[in-house]
Amino acid sequence: MNDTHLLVLATGGTIAGMAGSALRHDYRPGQIDIADYLSQVGELGLDARLVGRQIASIGSEDMDAAVWNPLHAAIHEALDDPACAGVIVTHGTDTAEETALLLDLTLPAAKPVVLVGAMRPADAVGYDGLRNFANAVRVAGDAGAAGRGVLVVMGDRVFAARDVRKARTRGTDAFRGFPRDAIGLVTPSALDWFGAPWRTGEGAAWRWHDALPEVPILYVHAGMNADTATRLVGPETRGLIVAGVGEGNMPDPLRRALVILREGGIVVVRSSRLDEGLVDREPEDDANGFVAARALNPQKARILLQVLLANGVRDVAEIQTAFDRR
Ligand code: DAS
């Protein structure tokens with residue numbers, strides 16, 4: 001008997017959320033467990049054998065190492081299991097981009113790993129979760145999804161982990177990619193890829209660590225006082241992400257305070273608080289000892305820096321190379 005299957009790892013989120021009424025705006029995420037969810041999905045008649053496992057039942061605003069560690073271990077095990085063709089992770093949309101990048105940096109690209117969520121709870125009028133889930137099954141079951149790293153499926157579109165971001169608080173088209181937009185279009189019955197896989201045969205880029213170093217984000221604004229930066233940094237802080245204005249800019253007193261922190265061993269990365277903010281390296285970065293985040297937004301720059309630091313990478317040039325990589 002062919003026991004090839006897709007593993008579905010559930011973490012909660014709006015895709016498993018319930019409002020108690022089809023018209024209510026407020027709701028509770030993570031209310032439907034994966035066994036019940038998969039029995040509803042069974043009625044769609046999807047061409048796939050789905051095996052479910054509950055990892056957590058949280059809103060993704062609470063996502064942290066307590067969920068990431070068992071999630072990563074379960075995916076790793078599934079990637080080693082010849083009977084498992086791919087993995088789907090149901091996830092809240094608020095921090096899906098962070099989990100996607102963290103997994104992308106630390107997992108091999110041999111089989112499809114797909115995150116999926118919903119913008120409306122399961123009992124809402126126009127629930128988008130079932131369609132997104134059916135789309136995720138199509139993507140995770142497609143051999144052409146391998147070699148593209150971790151993917152996020154939302155609103156009939158497929159995004160790569162490095163590009164994806166939640167860009168709107170409401171609406172079923174809340175996700176977009178930057179600098180590259182969707183890399184595929186999907187419906188429950190069709191899948192079109194734009195371009196070829198780019199990570200074919202690649203192993204994990206970085207080793208997994210159960211505990212990641214402390215890296216706060218400093219959100220820059222007009223009239224900012226340099227003390228805000230020093231107050232943010234504690235004895236455990238190893239790096240700092242600056243969500244700068246425009247192209248990662250900041251007031252000069254703040255820059256000087258960050259240079260002192262840098263000299264004390266804290267890695268400083270300049271990103272932008274703009275939604276589509278490309279921050280390139282500038283000559284002053286050499287003098288300051290800063291890193292430019294390129295196309296990563298502050299929350300994703302934080303994940304990359306945490307993974308690099310956990311892997312013992314401290315050298316600014318080496319860190320810059322990891323930020324430059326597509
Ligand atoms: N409750 C939020 C979350 O879990 C929103 C969502 O899932 O869409 O991220």
Side-chain angles (χ1 to χ4, degrees), residues 9 11 55 60 63-80 86-87 89 91 95-115 145-152 159-165 177-180 183 197-217 236-241 265-271 279 281 290-326:
L9 299 171
T11 70
I55 300 288
S60 72
M63 188 60 66
D64 62 11
V67 180
W68 281 333
N69 290 333
L71 179 64
H72 189 273
I75 299 174
H76 216 276
E77 202 178 295
L79 297 182
D80 287 342
V87 180
V89 179
H91 198 291
T95 61
E97 65 200 79
E98 285 150 271
T99 299
L101 182 60
L102 179 62
L103 296 175
D104 186 65
L105 292 167
T106 53
L107 288 170
K111 291 179 188 173
V113 176
V114 180
L115 265 68
R148 299 175 193 267
V150 173
L151 302 169
V152 175
F159 301 94
R162 188 106 183 183
D163 307 315
V164 71
R165 56 194 53 201
F178 177 77
R180 185 175 47 166
I183 59 165
W198 61 95
R199 282 191 61 190
T200 307
E202 267 186 33
W206 302 102
R207 272 193 34 234
W208 179 260
H209 288 261
D210 279 357
L212 294 173
E214 187 180 294
V215 175
I217 297 174
E236 298 301 319
T237 306
R238 297 289 172 266
L240 187 74
I241 306 297
I266 290 177
V267 179
V268 177
V269 177
R270 288 190 309 114
S271 64
V279 176
R281 196 166 175 81
F290 296 168
V291 174
R294 307 295 307 277
L296 290 183
N297 64 18
Q299 57 272 30
K300 292 172 81 173
R302 175 175 180 269
I303 294 287
L304 175 55
L305 183 59
Q306 286 182 301
V307 169
L308 294 172
L309 293 171
N311 277 269
V313 183
R314 297 264 183 289
D315 177 65
V316 167
E318 244 186 282
I319 294 173
Q320 186 63 66
T321 301
F323 274 87
D324 290 343
R325 189 165 171 259
R326 279 295 321 139

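The first residue of the sequence shown is numbered 1, and numbering continues consecutively from there.
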### Task
List the steps, then state whether side-chain contact (heavy atoms from CB on, under 4.5 Å) holds for Val113 with Leu79.
CA-CA 9 Å; Val113 176; Leu79 297 182; 4.2 Å; yes
### Evaluation steps, side-chain contact (heavy atoms from CB on, under 4.5 Å), between Leu296 and Arg302
CA-CA 9 Å; Leu296 290 183; Arg302 175 175 180 269; over 6 Å; no
#### Entry: Chi angles and distances behind the side-chain contact (heavy atoms from CB on, under 4.5 Å) call for Trp208, Asn69
CA-CA 9 Å; Trp208 179 260; Asn69 290 333; 3.2 Å; yes
### Message
The test is side-chain contact (heavy atoms from CB on, under 4.5 Å); show your working for Val89 and Thr99 and say whether it passes.
### Response
CA-CA 10 Å; Val89 179; Thr99 299; 5.7 Å; no
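Remark: Ala66 pairs with Asp64 by the side-chain contact (heavy atoms from CB on, under 4.5 Å) rule, at least two apart or across chains. Taking Ala160 as the reference, Asp163, Arg180, Ile183, Trp198 meet the side-chain contact (heavy atoms from CB on, under 4.5 Å) condition, with sequence neighbours excluded. With sequence neighbours excluded, the residues that form a salt bridge (charged side-chain N to carboxylate O under 4.0 Å, His left out) with Asp104 are Arg199. Annotation: salt bridge (charged side-chain N to carboxylate O under 4.0 Å, His left out) contacts of Arg162 (sequence neighbours excluded): none.
At a threshold of 4.5 Å between non-hydrogen side-chain atoms, the residues Ser271 and Asn297 do not count as touching. Taking 4.5 Å as the limit, every side-chain heavy atom of Leu308 sits out of range of all side-chain heavy atoms of Val267. Residues Pro112 and Leu151 form no side-chain contact, since every pair of their non-hydrogen atoms from C-beta on lies 4.5 Å or further apart.
Note that CD1 of Ile55 and CG of Leu71 are 6.0 Å apart. Values are rounded to the nearest 0.5 Å. To the nearest 0.5 angstrom, Trp206 atom CH2 is 14.5 Å from Gln306 atom CD.
Closest approach of Ala161 to Ala100, counting heavy atoms only: CB-O, 3.5 Å. Between Val164 and Glu97, the shortest heavy-atom distance links the atoms O-CB, 3.5 Å. In this structure, Arg281 and Phe290 approach most closely via the heavy-atom pair NH1-O, 2.7 Å. Nearest heavy atoms, Val87 versus Ala78: CG2-CB, 3.7 Å. Contact between Pro197 and Gly147 at its shortest, heavy atoms only, is CB-O, 3.5 Å.
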Which donor-acceptor pairs under 3.5 Å do side chains of residues 310-318 form with protein atoms, sequence neighbours excluded?
residue	atom	partner	partner atom	Å
Asn311	OD1	Arg207	N	3.0
Asn311	ND2	Arg207	O	3.1
Asn311	ND2	Val307	O	2.8
Arg314	NH1	Leu309	O	3.3
Asp315	OD2	Ala317	N	3.3
Asp315	OD2	Glu318	N	3.0

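Thr95 contributes a side-chain N or O that, together with a main-chain N or O of Ser60, makes up a donor-acceptor pair within less than 3.5 Å. In this structure, Gln320 contributes its side chain and Ala292 its backbone to a donor-acceptor pair below 3.5 Å. Between the side chain of Lys300 and the backbone N or O of Ala295, no donor-acceptor pair lies under 3.5 Å.
For residues 71-80, every residue pair satisfying the side-chain hydrogen bond (donor to acceptor under 3.5 Å, both in side chains) rule, not counting sequence neighbours, is listed here: His72-Thr106.
A side chain to side chain contact (heavy atoms under 4.5 Å, CB included) with Leu304 holds for exactly one of Val269, Leu105, Leu102; it is Leu105.
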